[in-house]
Amino acid sequence: MKEAHEVLIRPILTEKSNRLIEDYRKYSFEVANNSNKQEIKNAIETFFNVKVESVRIINVKPRKKRTLGKIRRFGYTKEYKKAIVQLKEGFEINLAGL
């Protein structure tokens, strides 16, 4: 079993993720590519001291990006795994304090 700091990379804070937090108690995290749902659940519960109701995983594919300059180059964004974690009633995570 992996440690919590090996599974969780960073929280994802966007307008959509803030709306999910306010309406449904769902938090988004970037996680290690080789982690599974059970490892993510255990890492969230031990690191933040909360109870997790469900975990959903999304593999975010890289997108093509263009850089400007003298020479136009094309590159890709990084590929990562995103976990959306729903907490049980009465629990919350303070992401502002991280």
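Positions are given from 1, in the same order as the sequence printed here.
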Item to check | side-chain contact (heavy atoms from CB on, under 4.5 Å) assessment of Ile9 paired with Val31 | outcome: CA-CA 5 Å; Ile9 296 175; Val31 294; 5.7 Å; no

Checklist entry - Distance from Ile40 atom CD1 to Gln38 atom CD, nearest 0.5 Å? => result 10.0 Å

Item to check | salt bridge (charged side-chain N to carboxylate O under 4.0 Å, His left out): pairs with one or both residues in residues 41-56, sequence neighbours excluded | outcome: Arg25-Glu53

Checklist entry - If every non-hydrogen atom of Glu79 is compared with every non-hydrogen atom of Val60, which pair is closest and at what distance? => result CG-O, 3.3 Å

Checklist outcome for this item: Heavy-atom closest pair (Lys81 atom, Asn33 atom, distance to 0.1 Å) is NZ-O, 3.2 Å

Checklist entry - Should Leu13 and Leu87 be regarded as members of a common hydrophobic cluster, given that ILVMFWY residues are connected when their side-chain heavy atoms come within less than 4.5 Å of each other, either directly or indirectly? => result yes

Checklist entry - Just how far is it from atom CG of Leu95 to atom CZ of Phe48, taken to the nearest 0.5 Å? => result 6.0 Å

Checklist entry - Which pair of non-hydrogen atoms, one from Ser17 and one from Ile12, has the smallest distance, and what is that distance? => result OG-O, 3.1 Å

Checklist outcome for this item: Interatomic distance, OH@Tyr27 vs CD1@Ile84, rounded to 0.5 Å, equals 13.5 Å

Checklist entry - Any donor-acceptor pair under 3.5 Å linking the side chain of Thr46 with the backbone of Asn42? => result yes

Next on the checklist: Please tell me whether Val7 and Ile58 are part of a single hydrophobic cluster in this structure, the criterion being side-chain heavy atoms less than 4.5 Å apart.
Outcome noted: no

Next on the checklist: Determine whether a donor-acceptor pair (N or O, by modelled atom type, separation under 3.5 Å) exists between the side chain of Glu39 and the backbone of Asn36.
Outcome noted: yes

Checklist entry - Does one side chain, of Asn34 or Lys2, offer a donor that lies under 3.5 Å from an acceptor on the other? => result yes

Checklist entry - Would Val50 end up clustered with Leu20 when hydrophobic side chains under 4.5 Å apart are linked, directly or stepwise? => result no

Checklist entry - Tyr80 and Ile44: same hydrophobic cluster, using ILVMFWY side-chain contacts below 4.5 Å? => result no

Item to check | Distance (rounded to the nearest 0.5 Å) between Lys26 NZ and Ser54 OG | outcome: 6.0 Å

Checklist entry - Cation over ring, Lys88 on Phe91, under 6.0 Å and within 45°? => result no

Checklist entry - Within the side chain of Thr77, is there an N or O that forms a donor-acceptor pair under 3.5 Å with the backbone of Pro62? => result no

Checklist entry - Restricting to pairs with a member in residues 28-38, which pass salt bridge (charged side-chain N to carboxylate O under 4.0 Å, His left out), not counting sequence neighbours? => result Arg10-Glu30, Glu30-Lys78

Checklist entry - Taking the six-membered ring for Trp, are Phe29 and Phe47 ring centroids under 6.0 Å apart? => result no

Checklist entry - Taking the six-membered ring of Phe74 as reference, does the NZ or CZ atom of Lys65 fall below 6.0 Å from its centre and within a 45° cone about the axis? => result no

